[in-house]
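Have a look at the structure below, then the notes.
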Amino acid sequence: MNLSTHYDPSTTEARWYAHWMEKNYFHSEPDEREPFTIVIPPPNVTGVLHMGHMLNNTIQDILIRKARLEGKNACWVPGTDHASIATEAKVVKKLRAQGIKKSDLSREEFLAHAWEWKEEYGGKILDQLQKLGASCDWERTRFTMEPKLSAAVLRVFVSLYKKGKLYRRLRMVNWDSEAQTVLSNEEVIYGEENARLFHIRYKIEGTKDEYITIATQRPETIMADIAIAVHPEDERFQHLIGKKAIIPLINRTIPIITDTYVELDFGTGALKITPAHDPNDYEVGQRHNLKVIDILTPAGKLNEEAQILVGEDRFAARKKIKPLLEEAEALVQIEDYRTKIGRSERTDSVVEPRLSKQWFVDMKQFAADALEAVRSKEVTFYPEHMFNMYHSWLNEDNIRDWCISRQLWWGQRIPAWYYEDDVFVAESEEEALAQAKEKYPNITLAELQQDEDVLDTWFSSWLWPMSVFDGFESQEELKYYYPTNVLVTGWDIMFFWVARMIISGYEFAPELLGKDHEIMPFKDVYFTGMVRDEKRQKMSKSKGNSPDALALIENYGADGVRFGMLLSGAAGNDIIFDAPFDKATKSVLNESQRCLQGRNFCNKMWNALRLIKGWEITEDAPSAVNQLATEWFDNKLQQTLKSLDQSMKDYRLSEALMTLYNFIWGDFCSWYLEMVKPAYGEPIDRTTLKQTIEFYERLMTILHPFMPFVTEEIWHQLKARAKGEDCIISTYPKAQSFNKTIIEKVERAKEVTAKVREIRNTKGISPKEALSLYVQESPNSLALYELAGLKAMIEKMANLTGLYFTSMEEVESSIGFVSGTEKYFLEVQLMIDVEAEREKLQKELEHQRGFVKGVEKKLSNERFVNNAPAAVVDKERKKLADGQARIKILEESLENLA
RNA sequence: GGUCAAUUAGCUCAGUUGGUUUAGAGCGCUGCCUUGACAGGGCAGAGGUCACUGGUUCGAAUCCAGUAUUGACCACCA
């Protein structure tokens with residue numbers, strides 16, 4: 001054997017991933033085993049792997065790999081989301097670079113380009129997930145716009161329409177003038193920006209020089225004004241109520257009305273009402289039955305209704321209207337102020353409120369059901385408090401109907417056909433025509449006009465847990481895999497996606513699977529936190545503060561990065577990625593401590609492997625120390641397994657990983673291997689070696705879900721394997737009962753060893769110099785050392801000439817210490833600094849006295865003794881006795897020093 | 001403005017529903033250690049009146065109330 005001193009992930013990771021793929025270990029087919037299913041939150045088909053994906057998919061991979069090791073039929077379905085706005089924007093941009101304008105293309109031509117783009121660039125992110133080690137069933141890769149999934153979308157649309165859950169209505173929506181589509185509230189990002197408040201005076205009709213002054217951010221919209229509103233109790237304007245004002249520049253008269261919506265102390269107290277361009281104004285307009293004048297085109301330019309500045313973009317118009325107002329002596333003043341402005345998440349253009357006819361899903365009953373599902377724990381959230389956020393979204397005061405139409409081409413076209421005022425909703429145009437014929441027997445297909453819009457992407461992703469199993473066509477697979485076990489996602493899409501999937505479960509699972517089958521799409525939801533940079537800013541593409549994920553994997557290995565990501569936080573907690581990096585190249589400047597730690601961990605395990613593989617074998621029987629060491633480690637392993645099971649059950653993945661890290665590095669490498677390690681050049685007995693390899697192999701299985709590559713590599717290096725005997729499909733050990741006494745006694749041996757080492761350290765005695773240690777004979781010490789091999793273990797680990805019992809009160813030229821309730825003397829061949837020893841003992845004594853005092857106080861309290869459970873009281877009594885014993889030893893030691 | 005969460009060692013965080021020897025981990029830090037599995041290492045050590053003030057309790061980091069600070073989400077004034 002000739003293993004390098006450093007573990008090199010770059011050579012092993014690709015090799016093992018290819019091996020797993022070749023063996024088809026990730027693929028799942030329904031069988032008699034218990035299924036364990038996860039559907040991936042489909043990333044945008046345009047996406048590239050970022051830190052959030054890495055975290056999220058590492059967690060899913062851990063859960064899937066663990067289930068697989070536990071013998072379940074693990075199925076992790078990957079796929080991508082067609083992301084209508086994002087993808088269409090990318091395609092438009094690419095075409096523009098080629099000199100092609102979208103407006104010059106027909107719908108079919110554009111879609112041809114879009115599919116071409118998708119085939120060439122889309123879904124890169126799935127390849128990148130493989131680098132991370134994701135064990136998805138790639139044969140099951142799905143896409144939200146592929147034919148079967150689109151068919152499901154249309155079917156659902158028609159079904160909801162028939163049930164009366166859909167409606168089409170004129171509503172105030174968020175309008176992206178650049179993409180020329182409606183945006184959901186969630187796609188609008190509000191930020192504080194500098195703005196100016198224009199104070200404009202409107203002449204009162206029939207007066208010579210009486211005016212009313214309003215304040216507005218958007219002077220270019222005055223042509224769409226329909227009224228001026230003041231608060232009914234505002235004394236300043238009482239004499240004007242009911243009169244009319246004249247809009248400057250265009251000289252149209254509008255009424256002065258009252259509405260309590262107007263704030264008395266903001267601006268001038270008078271508010272222009274522009275229903276077409278402000279949601280609140282729209283409501284005021286509705287209340288007062290005012291008409292609507294819309295002066296903007298879908299592209300955000302002034303139209304004919306504006307009368308002036310027609311054809312100008314709204315921002316250009318704002319600039320140009322200023323001199324016009326000044327000239328008309330209508331501009332009173334301009335005030336700078338900060339306000340929140342909404343911008344489109346995708347195009348960053350300022351969002352316009354706009355009246356438009358759109359399709360909506362009636363959410364009232366749906367939201368109530370979805371709320372109840374989580375309240376009643378039919379679906380459990382981790383962490384639980386995420387329910388609060390969920391509640392604030394879905395409660396009946398906040399819930400809004402879901403606008404599902406988008407003015408785009410990339411997506412499922414809305415299956416609604418119009419003829420005059422009639423609408424026919426059907427899964428195909430033939431069916432729509434058949435419907436139409438019932439009313440208009442002579443109608444032809446050409447006379448039917450299909451809706452130009454496509455459906456919101458979430459209207460396909462909300463079906464994902466069912467549609468990826470083709471559940472809308474046949475229920476064979478759905479019956480087996482549905483409900484999925486757990487959904488792992490960020491809380492930022494709790495409403496977009498999680499809530500809507502729950503709703504779709506309510507609505508469609510019973511009709512597909514029957515009433516007896518579980519209907520919720522998942523049992524648990526694990527919300528990951530957001531990944532933030534070292535300044536705690538959310539990492540996002542637009543901020544450019546997310547490092548290149550693939551470069552990280554190259555630097556630290558996928559195992560190292562997985563370790564680093566995971567160590568950082570519990571479910572729901574944000575993760576701070578600690579390595580500053582170059583914003584331009586996205587390469588990491590300084591080392592990420594956490595990923596480095598992961599890489600170092602791999603190396604540590606690698607070197608433990610080298611140690612074991614380097615040992616020669618003897619047929620001698622195992623020594624007492626080796627027998628005790630293996631027995632101890634076996635028990636300790638069971639104890640660790642038990643605590644791991646609990647951590648995993650609660651989705652405390654970082655806790656589980658940390659437990660394993662400490663167990664492998666500390667208990668296995670630093671203690672166990674050192675206990676059984678033969679002297680330099682000496683062989684090890686066959687039994688102990690075999691045991692050691694078995695332990696190591698089991699550790700690799702347990703760690704495998706977290707760090708799949710290094711564990712697979714070590715698993716194979718440990719011993720010759722039969723074909724198909726791979727770590728990834730080995731058996732996860734079940735926790736057995738364990739002997740607590742052995743664990744405790746060996747822990748005491750570790751403590752004594754550490755004390756001896758500490759004295760060596762402080763006194764400058766080399767670890768190589770063997771020393772004599774004496775333990776005062778007492779019932780406790782005799783009981784402790786009854787355990788065979790314990791004495792020899794301490795002798796080996798602390799490098800002693802021997803550990804001897806003594807009945808003496810004090811040993812010549814020795815340094816005393818207390819461990820547990822036993823007193824030890826370490827013989828040292830040097831002058832002892834009596835004062836320093838006294839000080840040390842005194843300090844220890846004071847600590848113990850303080851401790852005992854506290855316990856005594858507790859025990860002398862009758863109410864404690866009477867009220868606390870017996871076990872707690874007993875524990876306190878034991879604490880007291882132990883403390884008192886230690887005080888006695890310390891006091892004697894101090895006397896002997898004098 | 002409304003709601004939620006957080007505040008524990010230099011940093012990042014646990015602390016499992018009030019009792020585990022007067023608070024734990026990892027990293028960092030300090031000291032010592034290089035022919036021996038690993039310096040990407042070993043051994044050991046120092047570091048915290050659990051944000052503050054009250055309250056409940058035999059007992060509070062843990063429960064309650066208030067205060068302060070931070071963060072997030074929602075709603076917003078033209």
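As a basis for the values below, the full set of heavy atoms in this structure was taken, side chains included, without hydrogen atoms, waters or symmetry mates.
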Worksheet item: Which nucleotide in the list B:C73, B:U21, B:G40 gets nearest to the side chain of A:Lys878?
Response: B:U21
Discussion item. Given B:C58, B:A44, B:A78, identify the nucleotide with an atom nearest to the side chain of A:Ala215.
Written reply: B:A78
Discussion item. Of the options B:C74, B:A78, B:C43, whose atoms approach the side-chain atoms of A:Glu263 most closely?
Written reply: B:A78
Item to complete: Would you mind telling me which of B:A37, B:A78, B:C38 lies closest to the side-chain atoms of A:Val262?
Response: B:A78
Item to complete: Give A:Gly850 one of three labels, base, sugar-phosphate or nothing, depending on what nucleic acid heavy atoms sit under 4.0 Å from its own.
Response: base
Discussion item. With a cut-off of less than 4.0 Å, is there a side-chain N or O of A:Lys604 near OP1 or OP2 of B:G42?
Written reply: yes
Worksheet item: What distance, rounded to whole Å, do you find between the two C1' atoms, one in B:C63 and one in B:U16?
Response: 16 Å
Discussion item. What contact category does A:Pro767 fall into here, base, sugar-phosphate, or nothing, at under 4.0 angstrom with non-hydrogen atoms?
Written reply: nothing
Practice prompt. Would you indicate what A:Cys602 reaches in the nucleic acid, counting non-hydrogen atoms under 4.0 angstrom: base, sugar-phosphate, or nothing?
Written response: nothing
Response to the item:
Taking B:A37, B:G31, B:U20 as options, the one with an atom nearest any side-chain atom of A:Arg610 is B:A37
Item to complete: Respond yes when some side-chain nitrogen or oxygen of A:Asn600 is under 4.0 Å from OP1 or OP2 of B:G41, and no when none is.
Response: yes
Worksheet item: Of the nucleotides B:G15, B:G19, B:A78, which has the atom closest to the A:Leu197 side chain?
Response: B:A78
Fill in: A:Arg757 side-chain N/O to B:C33 phosphate OP1/OP2 under 4.0 Å
no
Produce the list of close N/O pairs, under 3.5 Å, pairing protein atoms with atoms of nucleotides 26-30 of chain B; give distances to one decimal.
| from | atom 1 | to | atom 2 | distance (Å) |
| --- | --- | --- | --- | --- |
| B:G26 | O3' | A:Gln597 | NE2 | 3.3 |
| B:G26 | O2' | A:Gln597 | OE1 | 3.2 |
| B:G26 | O2' | A:Gln597 | NE2 | 2.5 |
| B:C27 | OP1 | A:Tyr661 | OH | 3.3 |
| B:C27 | O2' | A:Gln593 | OE1 | 2.7 |

Worksheet, complete the sentence: Winner on side-chain proximity to A:His847, out of B:A37, B:U21, B:U22, is B:U22
Worksheet item: Can you tell which of B:A72, B:U20, B:C58 lies closest to the side chain of A:Lys875?
Response: B:U20
Discussion item. It should be established whether A:Arg400 places a side-chain nitrogen or oxygen under 4.0 Å from OP1 or OP2 of nucleotide B:A75.
Written reply: yes
Worksheet item: At under 4.0 Å between heavy atoms, what does A:Arg760 touch on the DNA or RNA strands: base, sugar-phosphate, or nothing?
Response: nothing
Worksheet entry | Bracket notation of RNA chain B in which parentheses pair within the strand, [ ] cross earlier pairs, and | pairs with another strand (Watson-Crick or G-U, under 3.5 Å) | (((((((..((((.....[....)))).(((((.......))))).....(((((..]....))))))))))))....
Practice prompt. Using a 4.0 Å heavy-atom cut-off across all strands, classify A:Asn388 as base, sugar-phosphate, or nothing.
Written response: sugar-phosphate
Discussion item. When the P atoms of B:C4 and B:U49 are compared, how many Å lie between them, rounded to an integer?
Written reply: 32 Å
Worksheet item: Which part of the nucleic acid, if any, lies within reach of A:Glu674 when heavy atoms closer than 4.0 Å are counted: base, sugar-phosphate only, or nothing?
Response: base
Worksheet entry | Ring centres under 6.0 angstrom apart (A:Phe563, A:Tyr556) | no
Response to the item:
Side-chain contact check for A:Ala754: nearest option of B:G19, B:A44, B:C38 is B:A44
Item to complete: Give the nucleotide from the list B:A37, B:A14, B:U22 with an atom nearest to the side chain of A:Lys677.
Response: B:A37
Item to complete: Tell me which residues in residues 220-231 of chain A put a heavy atom below 4.0 Å from RNA chain B, sorted by number, or none.
Response: none
Discussion item. Parallel, tilted or perpendicular, judged at 30° and 60°: which one describes the rings of A:Trp665 and A:Phe601?
Written reply: parallel
Item to complete: Determine the sole option in A:Tyr526, A:Trp491, A:Tyr390, A:Tyr651 for which the ring pair (Phe, Tyr, Trp, His ring centres under 6.0 Å) test with A:Phe381 is passed.
Response: A:Tyr390
Worksheet item: Is A:His385 stacked on the base of B:A5, with ring centres under 5.5 Å apart and planes under 30° apart?
Response: no
